[in-house]
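A short worksheet on the structure shown next.
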Amino acid sequence: MARELEKVYEPKAVEDRWYKEWVEKGYFHADPAKDGPAFSIVIPPPNVTGVLHMGHALNNTLQDALCRWKRMRGFNVLWMPGTDHAGIATQNVVERQLAAEGTTRHAYGREKFIQRVWQWREESGGTIINQLKRLGASCDWERERFTMDEGLSRSVREVFVRLYEEGLIYRGDYIINWCPRCMTALSDLEVEFEEKPGKLYHLKYPLVDGSGVITVATTRPETMLGDTAVAVNPEDERYRHFIGKRVMLPVSNREIPVIADAYVDPAFGTGAVKITPAHDPNDFEIGLRHNLNRIRVMDDAGKMTEEAGKYAGMDRFECRGKLLLELDQTGVLGTVEEHLHAVGHCYRCRTVIEPAVSKQWFVKVEPLAKEAIKAVREGIPGPDGKIRKINILPKGWENSYFDWMENIRDWCISRQIWWGHRIPAWHCDECGELTVAREDPVVCGKCGSRNIRRDPDVLDTWFSSALWPFSTMGWPDETPELKKYYPTAVLVTAFDILFFWVARMIMMGIHFMEEPPFTDVYIHALVRDAQGQKMSKSKGNVIDPLVMIDKYGTDAFRFTMVAMAAQGRDIKLSEERIEGYRNFCNKIWNAARFVHMNLGDFEATPLKEGDAVSLPDRWIVSRMDAVAAEVDRALTDYRFNDAAGALYQFVWHEFCDWYLELIKPVLYADAGPVKSATLNVLVNVFEGTMRMLHPFMPFITEEVWQSMPLAERDASVMVSKFPEANDAFRNEAAESEMKMVIDIITGIRNIRGEMNIAPSLELAAVVKASSPEVKAFLDAQGNYITKLSRLSGMTVETEVERPKASAVAVTPAAEIYIPLTGVVDIEAEVARLKKEIDKADKEIKPFEAKLANEGFVKKAPPEVLEKTRGIIEELTQKKEKLAEGLKRIEGFKE
RNA sequence: GGGCGGGUAGCUCAGCCGGGAGAGCAACGGCCUUACAAGCCGUAGGUCGUGGGUUCGAUCCCCUCCCCGCCUACCA
């Protein structure tokens with residue numbers, strides 16, 4: 001079935017067609033009732049507002065490679081896809097829309113606003129899913145989930161209620177991070193700190209009894225309006241006599257106490273700290289210890305409250321400026337130091353975060369974290385009593401994980417926004433009690449009053465993501481999916497959501513499923529630009545994966561991702577790399593064209609032991625087997641770049657550069673058993689290579705594989721078997737024989753290249769074989785050499801009279817002489833030989849130095865010693881033979 | 001402040017248990033050789049950040065220092 005293939009690979013013509021076919025045939029669908037050991041992955045759900053960026057592209061390419069590989073290895077694979085409702089981000093998107101229409105969500109009302117968000121989701125929420133499809137992702141789209149859909153919402157509610165009942169969720173007044181722009185509380189993780197040069201203002205607070213002044217230092221002077229104490233270290237001699245006295249707080253003119261607390265570092269600032277329990281986490285703690293009042297001087301919008309007196313209603317930063325003026329004029333302001341400090345920003349909108357006391361919902365994390373630490377450190381027993389251990393790879397990240405988990409603070413889960421899972425708690429206006437329930441209650445659970453209101457807050461989006469590995473499989477019901485696919489095999493993600501998401505999934509998975517949600521956590525790189533900068537829209541250095549896919553094809557793009565995904569290192573991506581792998585696709589394509597051109601009506605049958613007869617056939621079959629083993633091992637270890645590298649090297653430099661060239665004479669000859677045998681090897685190796693490449697380059701491999709004339713075949717390369725290592729195809733002899741051939745051809749090519757001998761000029765060669773065996777081999781297989789090095793003829797002897805005035809190439813197995821008469825000028829060869837001798841000489845030196853070292857000879861292991869001697873022997877011989885050649889040619893010259 | 005990772009060819013990076021420094025791009029020279037010029041053949045290029053130590057032997061292990069990146073932290 002020879003068919004006409006385009007001269008260059010055209011991805012566009014291929015990708016849509018096959019993707020549709022795979023979906024239609026249901027190859028992506030996971031059926032828990034089917035055979036095969038389970039292999040499951042849950043996708044890190046992208047934000048429903050998201051568009052595909054490089055991080056997604058890398059992340060999903062790696063997952064897809066694993067899934068396709070495992071499917072081909074006979075596993076029952078589930079790749080669970082879906083999106084995350086991304087509370088704040090999504091709400092922001094829709095609020096911007098409303099703003100453009102001249103309205104606000106408050107004008108809209110809660111119900112209508114939520115409807116509007118759903119509407120937005122219907123219209124644009126599927127963007128990233130379609131982009132994942134362009135990437136070739138083989139997710140089970142029939143199971144696509146959304147964190148706000150009905151099933152997942154039920155899981156969220158169940159988890160909330162259970163944790164509440166267990167006392168692991170509580171509500172209370174604590175200091176939290178508040179974003180005055182998003183108007184919501186944030187968890188500690190959602191605050192991003194940025195080092196900024198700021199100022200440290202010294203403020204003088206006079207003692208009420210007139211006995212002096214205490215100078216405090218602050219970076220946020222406006223908070224002084226809420227000060228309720230001044231704290232000093234109890235050991236600090238300078239201030240000891242002030243403890244217990246009162247100072248007059250300037251501006252507000254309130255009396256506040258001077259207290260002693262070990263938290264205060266006498267060495268920093270003035271050694272005295274103003275305490276604002278309502279607006280600083282440390283001050284809050286001190287406030288608790290000393291039973292201080294909490295005065296909120298800023299409201300939820302970042303404006304000063306009535307407590308701020310004349311500054312009431314003013315924006316916090318404006319207030320800072322005005323207040324400083326007043327403090328300066330009234331002599332309260334002392335020195336002002338330059339001070340580098342970390343300022344917290346909202347991770348969604350970059351607004352400066354204000355710590356504030358607020359009534360919020362929290363998860364008591366410590367008991368959950370304890371188990372989660374154990375699961376990574378030593379493993380915990382699952383329901384069957386067997387130990388389940390999580391491996392975080394690369395292992396280095398485990399330390400970050402432990403560090404964070406061991407110092408974890410309670411998780412603020414309530415958000416004052418509308419888009420999200422509303423907290424299932426009702427407040428009673430009669431008795432003030434809370435009712436938390438699985439089904440919406442109509443009366444207060446305590447007093448039975450009908451006068452109840454639902455808590456307005458929604459849950460942190462990460463709360464629902466934390467349940468993803470089991471909520472997507474139907475929990476709390478006992479489903480076949482959970483039974484078959486939980487726990488999942490591996491979680492593939494970047495480190496930036498290790499705490500946000502991975503750690504929380506581990507905690508929730510252990511708590512509710514009694515075992516961790518995955519066995520391996522593979523942390524991959526971050527994609528940066530060619531200069532190593534983080535890609536960002538504002539820097540304008542973003543490489544859009546979809547643009548790359550349009551330009552170079554999905555396969556080229558994916559292979560780039562995989563080839564660069566070395567463990568533990570960020571990817572610096574440049575377009576040239578993608579272009580390089582586009583060329584690789586083209587190379588594969590042209591190899592396919594070549595195969596087709598020589599097929600005729602040949603149809604291949606599966607390769608059996610002994611089918612490979614000729615040297616190139618035995619060699620390529622052996623090499624392919626080795627590569628199959630290497631790729632399989634590399635993928636098992638998540639060494640994606642090694643897998644890609646092995647395949648690239650094999651396809652380009654072994655299959656194309658050597659094998660195809662070597663078999664050309666056979667292919668160009670008339671039909672016969674020899675040709676058929678070679679065609680059979682050719683097609684088998686090539687289609688096997690397509691199978692090996694398929695996890696990385698799904699489209700071109702399918703297109704090419706489908707075009708191969710196979711007597712027995714599966715319906716798609718996707719559902720074919722991944723090549724398995726098979727000792728029967730390993731052939732050491734063929735590999736060493738090929739090495740001889742390659743060495744000799746390379747030697748002759750080197751002479752040609754170095755001495756500018758036209759490729760078209762045929763040369764005669766005299767070969768001195770190092771042994772009768774080598775001579776016999778070269779006599780039998782020499783045609784490969786004459787062909788690929790364009791010789792008019794080659795004579796092989798074990799003892800030869802060196803032809804005068806000949807160029808010399810030395811290989812371990814043979815010396816090659818190319819008579820130069822009439823071919824090239826002698827001087828060039830003299831120069832070339834000198835260079836070669838010099839090179840050999842340089843190579844030998846370090847080894848000779850080793851042997852000259854007494855300690856080395858005495859202490860090095862014998863095999864190292866032997867190897868060293870062997871190397872010296874080989875190089876010395878080479879050098880001597882080159883030198884002899886040089887002597888002869890110089891003699892000839894005279 | 002603490003912690004982690006990195007500094008290897010012009011560029012981007014590999015380099016497992018210490019035992020001949022590799023690849024891909026780029027460069028240079030030569031080729032339209034009937035799969036592929038998005039190609040073929042060949043060549044050159046490295047004090048493995050610095051200084052020490054351990055060892056017969058160090059890119060690899062230990063320490064110092066210098067750069068770069070990241071994570072983390074309640075020094076107001």
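Since the structure is predicted, the reported quantities are computational estimates derived from the model, not experimental observations. Chain letters run A, B, ... following the sequence lines, proteins first, then strands; residues in each count from 1.
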Specify whether A:W397 and A:F495 have parallel, tilted or perpendicular ring planes, treating 30° as the upper limit for parallel and 60° as the lower limit for perpendicular. parallel

Does the plane of the ring in A:W404 sit parallel, tilted or perpendicular to the ring in A:F499? Use 30° and 60° as the thresholds. parallel

B:G69: pairing nucleotide in any strand, Watson-Crick or G-U under 3.5 angstrom: B:C4

Hey, does A:F584 reach any base, or is it just sugar-phosphate, or nothing, if we go heavy atoms under 4.0 Å? nothing

Report which part of the nucleic acid A:G271 touches: base, sugar-phosphate, or nothing (heavy-atom distance under 4.0 Å, all strands). base

Phosphate OP1/OP2 of B:C75 contacted by A:N282 side-chain N/O (<4.0 Å): no

On the side chain of A:K858, is there an atom forming a donor-acceptor pair with the base of B:C56 - under 3.5 Å, no angle test? no

Pick base, sugar-phosphate or nothing for A:D265, based on heavy-atom distances below 4.0 Å to the nucleic acid. base

Value in whole Å for how far the P atom of B:A76 lies from CZ of A:F268: 5 Å

Ion pair present between A:E848 and A:K845, side-chain N to carboxylate O less than 4.0 angstrom? no

May I ask you to evaluate whether A:K664 reaches the phosphate of B:U33, defined as a side-chain N or O under 4.0 Å from OP1 or OP2? no

Describe, in one word, how the ring planes of A:Y581 and A:Y648 are oriented to each other, choosing from parallel (under 30°), tilted (30 to 60°) and perpendicular (over 60°). perpendicular

Conformer about C1'-N of B:C40 - syn within 90° of 0, anti elsewhere: anti

Using a heavy-atom cut-off of 4.0 Å across all strands, would you classify A:R749 as base, sugar-phosphate, or nothing? sugar-phosphate

With sugar-phosphate meaning primed atoms plus P, OP1 and OP2, does A:S400 contact a base, only sugar-phosphate, or nothing at under 4.0 Å between heavy atoms? nothing

Counting any heavy atom closer than 4.0 Å, what does A:E854 reach on the DNA or RNA strands: base, sugar-phosphate only, or nothing? nothing

Reckon A:E579 touches a base, only the sugar-phosphate, or nothing at all at heavy-atom distances under 4.0 Å? nothing

Using a heavy-atom cut-off of under 4.0 Å over every strand shown, decide if A:N407 touches base, sugar-phosphate, or nothing. nothing

Quick one: label A:P861 by what it contacts on the DNA or RNA (base, sugar-phosphate, nothing), any heavy atom closer than 4.0 Å. base

